[in-house]
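Below is one structure, written out as structure tokens, with a few remarks after it.
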Amino acid sequence: MTVSILSSIPQIEKILQQAFISPYIERLSRPIVTDIIRSEVSAFKKYILSDKNNTDVSLDKLYNNIKHACWMMNQQRLQRVVNGTGVIVHTNLGRSPINAELWQSVTDVNTHYNNLEIDLSTGKRGKRKGIIQTLMTHLVKGEDTLVVNNNASSVYLMLHELTQGKEVIVSRGEQIQIGGGFRIPDILALSGAKLVEVGTTNITTNQDYLDAITENTAMVLMIHTSNFKIRGFTESADIKELAKELPPHVILAVDQGSGTTVEDMPDEPTVASYINAGADLVCFSGDKILGGPQAGMITGEQSLIQRLEKNPMMRAFRPSRIVYSLLEELAVRKLNQLDSGAGVAETKSTIAETALKHSAERLAEGLAPFIQVVRSDMTVGGGSLPDQSTPSWSVELSPKDPKLARSPEQLLKLMRSWPLPVIGVIKHDKVQLNLATIDESEMTYLRTQLTEVLQ
Ligand SMILES: *Cc1c(COP(=O)(O)O)cnc(C)c1O
């Protein structure tokens, strides 16, 4: 029996020709699928030989194992998902999706040669920046603007170039850790600057900053406390007053974070508002509220920006033509106030609550009691607008099949395994899908999947 099964295992080449394999070759490539088959065949042989009493030693079992291994690998490949979390700029879900029209519009420049580093009027070597500086002067009011790969690089570059061996004053209330291990104190240490903490976690006044200034102070760094907010009795410095009172040798830098420019985002201070208040430099991310590609931007006083540009680390931090082309196009669209320049945060957070309720009702129609329409909240997320949640509507799922209803975690897992994975959240021990972050184009698909699975 064992021997006959062993000898009946087809050659790898033959298994590769099985119909269920071909979509995986397309998704994962032939060499990778071949490796998977080889390792599953070898595991299967071991399994057969390990125990003479194994009951399931059919080829079907082998094929199922192979299919499962391919499927697991495919789940790790970067792919589109449906965001049902109600968090618009979701760090785990790729932050801001890039507007499809914007993306299309830079195809030509990216799929052909372009003038990335040639000055078309002189034919000489040119700068990477294109007209970013001019566009940004209008959009965020800084004299000059520098683009790097992400906002963590912005902070690092500012500190490395402008504060080495000197003191940087930071409020204790802003000693924050932003996402995956990006800690301001660590970055400060790396850049060779000395951190001088002032104030308390909830109160830092202008006088606290001024009292801490010495001859050796290079910078006051303010960080927009994005992903948390200390509630209650808080006071932070009045930046406009502080800018006036700081001695000339101290640079006032603000890490604004979210990159709010002309978007309609109530209560989120714009980059320009910090420049207008007298900040020398403001840095921000490209893929949060701005709605562009992953990037960091530093804007402000030209002489400082020029120093940053000459820093040797700039060679490591400079972004690609893909980023420049998207940012230029995005800025033009924002300045022309086109919808395609709005960014997902603005677009989604301004959808009327009644429209969201209507969408929830469409999803739930005829599927009660397995789907209920419930009130919920949406947030901008991505380290922006911490306190701000806006009313939204969700559908709450209660599957009929007790196997699915065993735990909400199990249902979430099932939805992640759908052909187009769906990411939901657990609220009050039930799985919810928030309509604020679900696209109109995803509604039919969702409705089909939910009908099939829940009833
Ligand atoms: C998001 C954020 C960062 C990190 O930006 P990345 O673009 O992810 O590198 C830094 N500072 C603030 C205030 C932020 O909100």
Side-chain angles (χ1 to χ4, degrees), residues 25-32 77-80 94-140 142-154 156-157 161 259 261-262 271 283-300 302 304-344 347:
I25 291 178
E26 235 169 79
R27 289 283 300 168
L28 305 171
S29 84
R30 184 178 295 272
I32 286 174
R77 199 178 148 179
L78 193 58
Q79 56 197 289
R80 177 178 172 178
R95 289 201 183 161
S96 289
I98 290 171
N99 178 280
E101 218 182 284
L102 175 69
W103 182 255
Q104 289 292 328
S105 73
V106 300
T107 304
D108 214 38
V109 63
N110 281 295
T111 55
H112 294 83
Y113 295 112
N114 54 62
N115 61 339
L116 185 67
E117 284 188 6
I118 189 171
D119 181 336
L120 288 179
S121 57
T122 62
K124 296 217 171 87
R125 193 191 161 124
K127 281 193 175 162
R128 249 172 202 244
K129 273 166 92 172
I131 61 164
I132 276 287
Q133 174 188 351
T134 316
L135 291 168
M136 284 296 162
T137 302
H138 278 272
L139 203 57
V140 298
E143 259 178 349
D144 199 352
T145 300
L146 172 64
V147 187
V148 288
N149 282 326
N150 51 45
N151 195 35
S153 308
S154 309
Y156 179 82
L157 195 61
E161 175 61 38
T261 61
V262 291
V271 176
C283 68
F284 53 97
S285 292
D287 55 349
K288 291 181 179 172
I289 289 179
L290 194 69
Q294 179 190 301
M297 270 162 281
I298 312 168
T299 194
Q302 187 158 43
L304 295 175
I305 298 287
Q306 283 171 349
R307 279 180 64 187
L308 299 179
E309 277 174 334
K310 291 198 189 99
N311 187 289
M313 284 309 287
M314 215 19 229
R315 190 64 179 76
F317 290 157
R318 64 176 199 177
S320 73
R321 55 161 194 237
I322 304 175
V323 169
Y324 278 110
S325 61
L326 283 166
L327 285 177
E328 278 191 347
E329 187 62 36
L330 180 63
V332 167
R333 283 164 194 247
K334 279 186 191 289
L335 291 170
N336 284 343
Q337 300 182 346
L338 302 184
D339 287 347
S340 54
V344 70
T347 313

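Sequence positions, counted from 1, serve as the residue numbers for this chain. Heavy atoms only: backbone and side chains are in, while hydrogens, waters and symmetry mates are out.
In this structure, the side chains of Thr145 and Gln133 stay at 4.5 Å or more apart for every pair of heavy atoms. Inter-residue side-chain proximity for Arg125 and Ile118 is flagged as unmet; no heavy-atom pair is nearer than 4.5 Å. Counting heavy atoms from C-beta outward, Ile305 and Glu143 have side chains that stay 4.5 Å or more apart. Between Met297 and Leu290, the closest side-chain pair of non-hydrogen atoms falls below 4.5 Å. Using a 4.5 Å cut-off on side-chain heavy atoms (C-beta onward), Leu326 and Trp103 make contact. At least one side-chain heavy atom of Leu157 sits less than 4.5 Å from a side-chain heavy atom of Met313. Ser285 is listed as a side-chain neighbour of Arg95, based on a closest heavy-atom distance under 4.5 Å. Between Arg321 and Asn114, the closest side-chain pair of non-hydrogen atoms falls below 4.5 Å.
Within the 3.5 Å criterion, the main-chain N or O of Phe317 finds a donor-acceptor partner in the side chain of Asn149. Checked by atom type and distance alone, the side chain of Glu329 never pairs as donor or acceptor with a backbone atom of Ser105 at under 3.5 Å. With hydrogens and angles disregarded, a donor-acceptor distance shorter than 3.5 Å links the side chain of Thr122 to the backbone of Lys124. Proximity of a side-chain donor or acceptor of Arg128 to a complementary backbone N or O of Pro319 within less than 3.5 Å is detected.
Across all their heavy atoms, Val323 and Ala295 have their closest contact at CG1-CB, 3.9 Å. For Thr299 against Gly142, the heavy-atom pair with the smallest separation is OG1-CA, 3.2 Å. Summarising the geometry of Ser121 relative to Asp119, their closest heavy-atom pair is OG-OD1, 2.7 Å, with the distance given to 0.1 Å. Closest approach of Thr347 to Ala342, counting heavy atoms only: OG1-CB, 3.7 Å.
Taking 4.0 Å as the cut-off between side-chain N and carboxylate O, Arg333 and Glu101 count as a salt-bridged pair. Taking 4.0 Å as the cut-off between side-chain N and carboxylate O, Lys127 and Glu117 do not count as a salt-bridged pair.
Applying the 6.0 Å contact sphere to CG of Asn336 captures more than 12 heavy atoms from other residues, nucleotides or ligands.
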The test is salt bridge (charged side-chain N to carboxylate O under 4.0 Å, His left out); show your working for Lys129 and Glu309 and say whether it passes. CA-CA 11 Å; Lys129 273 166 92 172; Glu309 277 174 334; 2.8 Å; yes
